[in-house]
Amino acid sequence: MREAVTSARRVVVKIGSSSLTTASGGLDTARVDALADVLAGLCAAGREVVLVSSGAIAAGLAPLAIPRRPRDLATQQAAASVGQGLLIGRYAASLARHGLTVGQVLLTVDDVTRRAHYRNAYRTLRKLLDMRAVPIVNENDTVATEEIRFGDNDRLAALVAALVHADLLVLLSDVDALYTGDPARPDTRKVTDVRAETDLVGITLGRAGKAGVGTGGMVTKVEAARIATGFGIPVVLTAAPLAAAALAGDEVGTLFHPVRQRPTARLFWLAHATSPRGRLHLDPGAVQAVVARRKSLLPAGITAVDGTFTAGDPVDLVDSSGAPVARGLVNYDAVELPSLLGRSTVELAAALGPGYEREVVHRDDLVLL
């Protein structure tokens, strides 16, 4: 038995589109019911469960007579707007058989990178769990643009696990474990445990499967496992039909062992969930202050500004060679900064007012890369 699994009290489970839909498109009610039964069993045992579920776009294809997953964003958003209601309705009906209530939580990257939005997301999920509801999380595909997308729900699941301080992340798909190559090849072997990055050397990772309704594949699952284990959360990767066995602690699938203690949750999100809206070029002294001494970034240490951003946006801090050394939430708009560069906060306050005696990026809003 896997103690890391059996001792977990707060569990995030992620399931992919291919494990929820039929070959012709649309939700497979039998598969949804089977997953609901597993989740209900966890709840009955006193464990807290958060479900991250793909399937909104896939569920909307058949009702809209779309033969395959669309490539353009507008059609994806239209399919998601139809499919999300069908998806959450099916989960609500299925879990109601066990006396459980579900709560829908749709997220965009913006919801978890800006301080106020991040706190709201955490409070909502925490309150749902306190009220013994099952939060069902998905990316808000209906409104998300390319600039504010998580990219795939494997990554989203890892970030949600960090957000709620989960004890375990379970990634369910149509493959029963991580393999060293194509599982159909006779020379391929199953990987039961990953304890370090060296365990992944020589492994060939596949992309999304033949069904064409998902966006991930083994690449995104391994990357999600890296993110979660980097936050101190063990990860089990296995097939959806093996969910019950995996959550019972049976040695099915692949167990990714945590690699370090947990960092601050919000800064962890800042490092892994955000895309920089611009870059601040630092002189060597500022690099030393930010990286080695963990100080805030002041205007005096910035030599140039790239990008279009507003106060509160994530930006990369780069050294003289252009390599990112940190990422942080900036306190100024891009148009404000050029006139401030190279000047001390005392000088700026005297010339422009006390509102300018502040950091460009505060150390509490900064994470090293």
Side-chain angles (χ1 to χ4, degrees), residues 10 12-14 16 50 52 54 105-122 125 137-141 144-171 194 196-197 200 205 215-237 256-279 290-291 294 309 312-318 323-330 361-369:
R10 185 174 304 143
V12 173
V13 177
K14 184 268 177 180
V50 178
V52 178
S54 300
V105 181
L106 300 178
L107 298 174
T108 66
V109 167
D110 216 33
D111 293 321
V112 293
T113 55
R114 294 183 183 273
R115 185 190 298 261
H117 293 195
Y118 172 89
R119 288 174 175 170
N120 286 339
Y122 171 78
L125 290 166
V137 181
N138 197 358
E139 181 161 14
N140 196 347
D141 290 309
T145 65
E146 294 297 340
E147 293 179 343
I148 59 170
R149 293 178 70 88
F150 288 96
D152 62 80
N153 274 356
D154 294 314
R155 181 174 174 234
L156 172 60
L159 296 171
V160 167
L163 175 64
V164 301
H165 287 74
D167 302 310
L168 176 69
L169 170 62
V170 179
L171 301 174
V194 175
E197 195 68 26
L200 298 173
L205 301 177
T215 60
M218 198 56 67
V219 171
T220 64
K221 289 166 181 56
V222 170
E223 182 55 33
R226 286 192 179 105
I227 293 172
T229 56
F231 193 73
I233 301 171
V235 178
V236 174
L237 167 64
F256 293 80
H257 296 257
V259 297
R260 65 177 181 182
Q261 297 299 312
R262 296 184 173 184
T264 302
R266 193 174 67 86
L267 295 184
F268 185 82
W269 276 77
L270 179 61
H272 293 285
T274 61
S275 297
R277 306 290 174 84
R279 301 197 307 168
V290 167
V291 175
R294 304 304 297 269
F309 52 83
D313 282 343
V315 295
D316 275 353
L317 282 53
V318 304
V325 297
R327 183 171 297 165
L329 302 180
V330 67
V361 179
H362 193 277
R363 63 184 179 185
D364 292 343
D365 294 326
L366 188 150
V367 61
L368 302 183
L369 299 178

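For the numbers below, each heavy atom of this structure counts, side chains included, while hydrogens, waters and symmetry mates do not. Worth saying up front: this structure is predicted, and the values here are computed from it rather than measured.
Residues that satisfy the side-chain hydrogen bond (donor to acceptor under 3.5 Å, both in side chains) test with R363, not counting sequence neighbours, are absent from this structure. For A326, the side chain to side chain contact (heavy atoms under 4.5 Å, CB included) criterion is met by V290, L317, L366, L368, not counting sequence neighbours. Residues passing the salt bridge (charged side-chain N to carboxylate O under 4.0 Å, His left out) test with R279, sequence neighbours excluded: D306. Applying the side-chain hydrogen bond (donor to acceptor under 3.5 Å, both in side chains) test to H257 and every residue at least two apart in sequence or in another chain returns D193.
Looking at every heavy atom in both residues, V330 comes nearest to V361 through CA-CG2, 4.1 Å. Listed here is the closest heavy atom pair of H165 and R10: O-NH1, 3.5 Å. Nearest heavy atoms, A228 versus L169: CB-CD2, 3.9 Å. Of all heavy-atom pairs between A224 and A158, the closest is O-CB, 3.4 Å. For the residue pair G230 and V259, the shortest heavy atom distance occurs at CA-CG2, 3.9 Å. For the residue pair L106 and E139, the shortest heavy atom distance occurs at CD2-O, 4.3 Å.
Atoms CE and CG, from M218 and L171 in turn, are 9.5 Å apart once rounded to the nearest 0.5 Å. Within the model, atoms CG of L270 and CG of L369 stand 8.0 Å from one another, a figure rounded to the nearest 0.5 Å. Distance check, rounded to the nearest 0.5 Å: CZ of F231 to CG of L163 gives 8.5 Å. Here the CG-OG distance, from D313 to S275, works out to 11.5 Å after rounding to the nearest 0.5 Å. Taking CG of D364 as the reference point, atom CZ of R294 lies at 10.0 Å (rounded to 0.5 Å).
Counting only heavy atoms from C-beta outward, the side chains of L125 and V137 approach each other to under 4.5 Å. Two residues are said to be in side-chain contact when any heavy atoms from C-beta on lie closer than 4.5 Å; K14 and N153 meet this criterion. The shortest side-chain heavy-atom distance between V315 and P276 does not fall under the 4.5 Å cut-off. Using a 4.5 Å heavy-atom cutoff, the side chains of R226 and L200 are in contact.
Panel note: side chain R155, backbone H272; a donor-acceptor pair is recorded below 3.5 Å.
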